[in-house]
Amino acid sequence: MTFLPSTLAPPSLFKDLLVEPEEARTILRPQKDERYGFGFALSPYRGCGHGCRYCYVREYPNALHKPSEWGQWVAPKVNAPELLWSQRHKLHNARVFMASATDPYQPLERQYRLTRRCLEVLLLCPTTEVILHTRSPLVLQDLDLLRAFGDRLTVGLSIPTDDDTVRQVVEPHAPAIPSRWAAAERLAAGGVSVTIAVAPLLAVHDAKAFARRARASGASAAWVGGLRLLKEDPFYKVLADQGWLKILNPDYKDGIRAAFQEAFPLKKRMREPRSKPSPASVTIPVAQPGLFDRVG
């Protein structure tokens, strides 16, 4: 397989973002999940230009940047496709999650195309399943590639609220909610399996209408995940100032989850497993749902 030279990164198109290209030493991080058995997490970038104010990745140890600088810098792992190609032997009958610590379709992907190049490697791994998680309609630029995976790939679209005015406060640099609905519809219409991720759950205006909208988008599944605050997180004050502390109440989350259970009954969204159950066909009640928990 031929790769473009990783050392010849073009000038940045994003002048308000500190771009720090780097050569990564590893690209596959073991991601064991007792319920769903994910094999590896793959993050083509370190940092994220969306800079969501609640993001738990802010607390990751980083000698070069403070948590308060989250969203102001991104380090593209320019050798990610080459590393992945060299380690593809690890991916037999494994699942890969893109990405646990960044959005694979953040704006910088328009320039570096690292996510696409990694997907091209994964496409050549016929027993590998891929779960692609993003909040960006930029994923549509790779629609043909995503379709080529068939049932080996699922796209999870993060839509944590039904109200774009909420998004403007907590995700000011992320794509608008209507554009995410449009992306879900185009992906589903193109034959790509789509899951709506209401995560992290933010303030919702009308839970039942939100769930019906998700179902109407063509998504085959949905899940609701709670907000994960850091110790002494300044985001708590944002919630308090906006009157949104209710989202931290387990009863509030349960109510949203119930609305989505009604819209996505389990019997209508189960798929035949290939060699082991897929996330869409597994239901295990848990008190504190994690990143991969689904409603139902």
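Quick caveat: nothing in here was measured; it's all calculated off a predicted structure.
Scanning all heavy atoms of the two residues, the minimum distance from A99 to P44 falls at CB-CD, 4.4 Å. Among all heavy-atom pairs drawn from V204 and P160, the shortest one is CG2-O, 4.4 Å. Between S100 and A41 the shortest heavy-atom distance is OG-CB, 3.5 Å. When every heavy atom of V78 is checked against every heavy atom of P21, the shortest pair comes out as CG1-CB, 3.9 Å. Residues V74 and Q106 approach most closely at CG2-OE1, 3.2 Å, considering heavy atoms. K253 and L201 get closest at one heavy-atom pair: CA-CD2, 3.7 Å.
Residues L108 and L114 have side chains not in contact (no heavy-atom distance under 4.5 Å, counting atoms from C-beta outward). At a threshold of 4.5 Å between non-hydrogen side-chain atoms, the residues E82 and R117 count as touching. Counting heavy atoms from C-beta outward, H92 and C125 have side chains that stay 4.5 Å or more apart. Residues L227 and L239 are in side-chain contact: their nearest non-hydrogen atoms beyond the backbone lie under 4.5 Å apart. Put simply, the side chain of L122 reaches to within 4.5 Å of the side chain of M98, judged on heavy atoms. At a threshold of 4.5 Å between non-hydrogen side-chain atoms, the residues V170 and T161 do not count as touching. Between V155 and T195, every side-chain heavy-atom pair lies at or beyond the 4.5 Å cut-off. Inter-residue side-chain proximity for D151 and S193 is flagged as unmet; no heavy-atom pair is nearer than 4.5 Å.
In summary, R213 and E185 engage in a salt bridge, as defined by a charged side-chain N under 4.0 Å from a carboxylate O.
Between the CZ atom in R25 and the CG atom in L83 there is a gap of 11.0 Å [rounded to 0.5 Å]. Distance check: K208 NZ to F260 CZ gives 13.0 Å after rounding to the nearest 0.5 Å. Taken from CG in D206 to CZ in R212, the straight-line distance is 6.5 Å, to the nearest 0.5 Å. Considering CZ of R113 and CG of L119, their distance stands at 10.5 Å, rounded to 0.5 Å. To the nearest 0.5 Å, atom CZ of residue F97 and atom CG of residue L42 are 11.0 Å apart. In this structure, NE2 in H133 is found 7.5 Å from CG in D103, a value given to the nearest 0.5 Å.
Looking only at distances, no side-chain donor or acceptor of S217 sits under 3.5 Å from a matching main-chain atom of A184. Checked by atom type and distance alone, the side chain of R152 pairs as donor or acceptor with a backbone atom of L123 at under 3.5 Å. Remark: the backbone N or O of Y105 is paired with a side-chain donor or acceptor of S136 at under 3.5 angstrom. Of the possible polar contacts, none joining the E120 side chain to the P81 backbone as a donor-acceptor pair under 3.5 Å is found. Remark: side-chain polar atoms of R95 are not paired, donor with acceptor, to backbone N or O of I131 under 3.5 angstrom. No donor-acceptor pair closer than 3.5 Å links the side chain of R46 to the backbone N or O of A75. With K246 contributing its side chain and Y252 its backbone, the two residues share no donor-acceptor pair below 3.5 Å. Judged by distance alone, with hydrogens and angles left aside, the side-chain atoms of S179 form no donor-acceptor pair with the main-chain N or O of P137 at under 3.5 Å.
Residue pairs meeting the salt bridge (charged side-chain N to carboxylate O under 4.0 Å, His left out) criterion with at least one member in residues 160-178, sequence neighbours excluded, are R135-E171, D164-R167, E171-R180.
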**Report entry** Steps toward side chain to side chain contact (heavy atoms under 4.5 Å, CB included) verdict (L124, R88)
**Finding:** CA-CA 9 Å; L124 299 178; R88 67 191 185 281; over 6 Å; no
Requested in this report: Go through the steps for V238 and Y54 under the test side chain to side chain contact (heavy atoms under 4.5 Å, CB included), then give the verdict.
Outcome: CA-CA 10 Å; V238 175; Y54 53 74; over 6 Å; no
Report task. Report the C-alpha distance between L202 and W244 in whole Å, list the side-chain angles of each, state the deciding distance to 0.1 Å, and finish with yes or no for side chain to side chain contact (heavy atoms under 4.5 Å, CB included). Result -> CA-CA 8 Å; L202 300 175; W244 295 338; over 6 Å; no
Query raised in the report: Could you walk me through whether W85 and I27 pass the side chain to side chain contact (heavy atoms under 4.5 Å, CB included) check?
Result: CA-CA 10 Å; W85 178 254; I27 194 61; over 6 Å; no
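Side-chain N/O atoms of Y45 and E109 include a donor and acceptor closer than 3.5 Å.
The salt bridge (charged side-chain N to carboxylate O under 4.0 Å, His left out) search around R29 returns none, not counting sequence neighbours.
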